[in-house]
Amino acid sequence: MQTVLEAAGGKDGLRHLADAWHRRVMADDVVGHAFSHGFHPRHVERLAAYWAESLGGPSAYSDSDGDETTVVKMHSGNGEHDEMDRAIGCFDQALVDVGLADDGPLRQVLHDYFAWATTTMMARYHQSADDVPKGLSIPHCHGRDSRSKTPPGIKHLAD
């Protein structure tokens, strides 16, 4: 069974997707403000590693950069972000940019995963990063053979 990571072109495919998404976000006047304070010099690489781990790859992100608590804290304590639909739109356009929009089931799984992560996990603790629980694990959406680990509402490649 092919994982979502494999279907998306592996770690290199997700690196290209992360780069395309980041470029689109930076060019967007509304959601680009999230990076106005600066960002980690390896942001694109770390984002790709996080997605890769979530989508069936090795634990490279959690082994070197932190767990889900670390990620959620980075995105918490900044108030509500009603404009996240634009970030999701940038993601959908990035899928087109890197050629992943032509495979309907794959596009849908990636869109659903990103929308879920953006509107739930990354938006859950908008009041304070101190509210984020310790020890959160990176959620997984591997593909056809891992339904029990996939966050609710996300379709699978075989669906």
Side-chain angles (χ1 to χ4, degrees), residues 2-81 83-101 106-107 109-126 128-143 146 149-151 154:
Q2 189 177 44
T3 66
V4 177
L5 173 64
E6 292 164 345
K11 292 185 282 184
D12 287 341
L14 290 183
R15 169 66 174 79
H16 293 299
L17 179 58
D19 184 57
W21 177 78
H22 186 76
R23 280 186 280 111
R24 285 207 171 261
V25 166
M26 294 300 288
D28 187 287
D29 293 340
V30 176
V31 291
H33 78 83
F35 295 100
S36 62
H37 62 280
F39 49 90
H40 193 281
R42 290 184 44 247
H43 172 72
V44 170
E45 291 81 9
R46 290 171 18 143
L47 179 59
Y50 175 82
W51 288 347
E53 185 168 337
S54 293
L55 298 172
S59 59
Y61 183 88
S62 58
D63 290 345
S64 64
D65 292 305
D67 59 7
E68 184 72 358
T69 297
T70 305
V71 175
V72 174
K73 279 187 169 213
M74 277 189 269
H75 295 87
S76 298
N78 300 307
E80 292 188 42
H81 296 290
E83 70 280 356
M84 292 315 289
D85 58 327
R86 288 178 70 118
I88 295 167
C90 288
F91 184 81
D92 291 341
Q93 287 300 310
L95 290 171
V96 173
D97 294 344
V98 299
L100 292 176
L106 176 61
R107 177 187 43 76
V109 167
L110 290 170
H111 166 88
D112 290 349
Y113 166 75
F114 186 82
W116 171 81
T118 302
T119 60
T120 57
M121 292 308 292
M122 302 306 156
R124 186 171 287 164
Y125 304 98
H126 52 80
S128 173
D130 294 334
D131 295 337
V132 179
K134 293 180 178 166
L136 294 175
S137 298
I138 292 175
H140 296 120
C141 175
H142 294 179
S146 60
K149 295 181 180 181
T150 302
I154 297 177

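Sequential numbering from 1 along the given sequence is applied to the chain's residues. All values reported here derive from a predicted model rather than from experimental measurement. What's counted below: heavy atoms across the whole structure, side chains too, no hydrogens, waters or symmetry copies.
Looking at residues two or more places apart in sequence or on another chain, you find no salt bridge (Lys or Arg N to Asp or Glu O under 4.0 Å) involving Asp92. Partners of Asp12 according to the side chain to side chain donor-acceptor pair (under 3.5 Å) rule, which considers only residues two or more places apart in sequence or in another chain, do not exist here. Residues satisfying the side chain to side chain contact (heavy atoms under 4.5 Å, CB included) criterion with Ala115, sequence neighbours excluded, are Ile88, His111. Residues satisfying the side chain to side chain contact (heavy atoms under 4.5 Å, CB included) criterion with Ala18, sequence neighbours excluded, are Val44, Leu47, Ala48, Trp51. The salt bridge (Lys or Arg N to Asp or Glu O under 4.0 Å) check on Arg107 picks up nothing, with sequence neighbours excluded.
Distance alone, capped at 3.5 Å, is enough to place a donor-acceptor pair between the Glu53 side chain and the Ser62 backbone.
Salt-bridge check for Asp28 with Arg24: failed, with every basic side-chain N at 4.0 Å or more from each acidic carboxylate O.
Of all the heavy atoms in Gly56 and Leu5, the pair that sits closest is C-CD2, 3.9 Å. Closest of all the heavy-atom pairs between Ala8 and Leu110 is CB-CD1, 4.4 Å.
Atom NE2 of His22 and atom CD of Glu45 lie 10.0 Å apart (nearest 0.5 Å).
With a 4.5 Å cut-off on side-chain heavy atoms, Phe91 and Leu17 count as touching.
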*Could you go through the side-chain contact (heavy atoms from CB on, under 4.5 Å) check for Asp19 and Val98 one step at a time?*
CA-CA 10 Å; Asp19 184 57; Val98 299; over 6 Å; no

*Using the side-chain contact (heavy atoms from CB on, under 4.5 Å) rule, take Leu55 and Tyr113 through it: C-alpha gap first, then chi angles, then the decisive distance, then the call.*
CA-CA 9 Å; Leu55 298 172; Tyr113 166 75; 4.2 Å; yes

